[in-house]
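Because the structure is a prediction, the values reported are computed rather than measured.
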Amino acid sequence: MKAGTNLERILDSGEFAVTAEVGPPRGTSPNVVQRKGELLKSCCDAINVTDNQTAIVRMSSVSGCVLLNQLGIEPVMQMVCRDRNRIAIQSDILGAVALGIGNVLCLSGDYPSFGDHPTAKGVFDIDSIQLIQLLKQMREEKKFLSGANISGEVPLFIGAAENPYADPFEYRTPRLAKKIAAGVDFIQTQAIFDVDKFAKWMKEVTDRGLDKKVHILAGVIPIKTVGMGRYMKDNVPGVHVPDEVVTRMQDVKDVKEEGLKICLETIDQIKEIPGVHGIHIMAVGWEDMVPTIVEKAGLLPRPLI
Amino acid sequence: MLVSEQKPVEEILRYLDGENNIFLVGCKGCAEGFESGGEPQVMEMKQKLEAEGKTVIGFTLIDMVCNQSLSRMKLIPYQQVLDGTNALLCLTCGSGVQSLSSVVNKLVYPGCNTISSVGGHAEWKEAERCMECGDCVLAYTGGICPIARCSKSMSNGPCGGSENKQCEVNPGIDCAWHLIVERLTKLGRLDKLEEVIPPKNWGVSLTGGPPRY
Ligand code: SF4
Ligand code: SF4
């Protein structure tokens, strides 16, 4: 056991894990996080709290995690390298552990120019792989990057993101191998729409035996409107939405129903791919649909371990 | 004027591990002025490498290694010698290493750290790609700089947002990591990217850390 979190126990027991995501509000009210948390509570094993995603200022990830913890919901704290140097990162980790957070997802972070403060200085003191390695060192050696001792345990279950579609092609699998070498415990992938392409990547991953060294959770996004599909296709870095998905949604009357259908089909296919240990549902602006998705995908009730 | 200083020889030997035949390149421009890559330093480096059991199969000094066309031309007489090696060690600023790297199909290793441009520029103006970070990583990245050319200065590989070879931050520019992976694939040396590069020392650049002057 690394941190003994629910997510870690589920994955270690070989169960198919389900995680979802909550974006904190652009304001001070705890209600948004609490409401989404309650909604997702019984259908997921842990909930990611995003860290100023797309570089737009929101309530901090650590606070969102605490709000979930208070409701007995397990959070995954997302942490980007964009806004903190190594001092702030380590300090935030100490605080997060003190506040009962055990899952951390290491990300490089969207560049400031994408967000609402495009003139901000991007920090990028360390990169996401160095962040993984740093958290592992804090957990296993109980030492800061400087080598100085940390008092107390740092039980962390360390996650990272991976994009099976990202260029350059030759480097997709080696990059995962590098994250594993740095010490990652679980991966949540970018949204999967093109299942064949994802399956090809997973084949490379399993051929190298990497699925035995890390838990891979495949990301899915239910698309609510045709516009959202198009927007993600054209504007969101790293997300790869095939034309076919957009056309399918354009051609039907009940767009939401079709979006749900596409998502469920994707999950069904993903479940059959060797080496996939769970799904991560990123229902941006459509959290209400997550319980239905999990139920219809036959993944309820969530196991208690 | 680019200010560079030689890397510790231990570091150079660490990344030259496995490379036995080395071709040395020095520079009669800034690197000579700063005594990091002029003739005496090239000769000294030759001796140090030979003392460690490496074969220095040749060396040359180019007036301005950061001038791409000049470097290409000056290497022509050495083509045969260069066929006998996969590794060049370049005692210049980061721009010089990258300029040289762009004209040979081999790995070009940096022998120096570039710590300042003192407000000046290298000769390869349309492609000046060194941020004078003071802790040169070109040895691992096929002679293409991820510090200056990757929007997020990632040391350990691409951020995952690049599409069609372009940087997610500015689709008008190449993704540096795409170029790095492409080059190392071409050289058959993707293994260079396996090692996890530790966090950088940002304080060794003359423009990093507290003011010194
Ligand atoms: S890593 Fe890049 S910025 Fe740093 S010295 Fe080398 S070429 Fe210059
Ligand atoms: S797309 Fe490439 S150059 Fe741009 S930030 Fe990502 S890795 Fe760096």
Taking everything shown except [X] itself, do over 12 heavy atoms lie less than 6.0 Å from its [atom1]?
{"X": "A:Ile56", "atom1": "CD1", "result": "yes"}
{"X": "B:Lys186", "atom1": "NZ", "result": "no"}
{"X": "B:Glu35", "atom1": "CD", "result": "no"}
{"X": "A:Glu244", "atom1": "CD", "result": "no"}
{"X": "B:Phe59", "atom1": "CZ", "result": "no"}
{"X": "B:Lys192", "atom1": "NZ", "result": "yes"}
{"X": "B:Lys200", "atom1": "NZ", "result": "yes"}
{"X": "A:Lys203", "atom1": "NZ", "result": "no"}

If I compare all heavy atoms of [X] with all of [Y], which pair ends up nearest, and what's the gap?
{"X": "B:Glu163", "Y": "A:Val239", "value": "OE2-O, 4.0 Å"}
{"X": "A:Tyr171", "Y": "B:Asn156", "value": "OH-O, 3.9 Å"}
{"X": "B:Trp202", "Y": "A:Phe124", "value": "CZ2-O, 3.8 Å"}

Sort [X] into side chain, backbone, both or neither according to what part of it lies under 4.5 angstrom from a heavy atom of chain B.
{"X": "A:Glu170", "result": "both"}
{"X": "A:Phe114", "result": "side chain"}
{"X": "A:Ile132", "result": "neither"}
{"X": "A:Val123", "result": "neither"}

Answer whether the closest heavy-atom distance between the side chains of [X] and [Y] falls below 4.5 Å.
{"X": "A:Arg175", "Y": "B:Leu193", "result": "no"}
{"X": "B:Glu182", "Y": "A:Pro168", "result": "no"}
{"X": "A:Asp167", "Y": "B:Cys175", "result": "no"}
{"X": "A:Cys81", "Y": "B:Met154", "result": "no"}
{"X": "B:Pro199", "Y": "A:Arg86", "result": "yes"}
{"X": "A:Lys178", "Y": "B:Val196", "result": "yes"}

### Summary
Applied to residues 153-162 of chain B, the salt bridge (charged side-chain N to carboxylate O under 4.0 Å, His left out) test, sequence neighbours excluded, yields none

### Task
Quick one: which residue pairs count as a salt bridge (charged side-chain N to carboxylate O under 4.0 Å, His left out) with a foot in residues 138-151 of chain B, not counting sequence neighbours?
none

### Task
Calculate, to the nearest 0.5 Å, the distance between atoms SG and CG belonging to B:Cys159 and A:Leu107 respectively.
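Answer for the SG-CG pair, B:Cys159 versus A:Leu107, is 11.0 Å.
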
### For chain A, the option from B:Ile180, B:Leu184, B:Thr185 that forms the most heavy-atom pairs under 4.5 Å
B:Thr185

### Task
Among B:Pro198, B:Pro171, B:Ser153, B:Gly157, single out the residue with the greatest number of heavy-atom pairs under 4.5 Å to chain A.
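Heavy-atom pairs under 4.5 Å are most numerous for B:Pro198.
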
### Query
Do side-chain atoms of A:Gln130 reach the backbone of B:Ile197 as a donor and acceptor pair under 3.5 angstrom?
yes

#### Entry: Side-chain donor/acceptor of B:Lys152 to backbone N/O of A:Arg82, under 3.5 Å
no

### Task
Measure B:Ser155 against the heavy atoms of chain A and call it side chain, backbone, both or neither at under 4.5 Å.
both

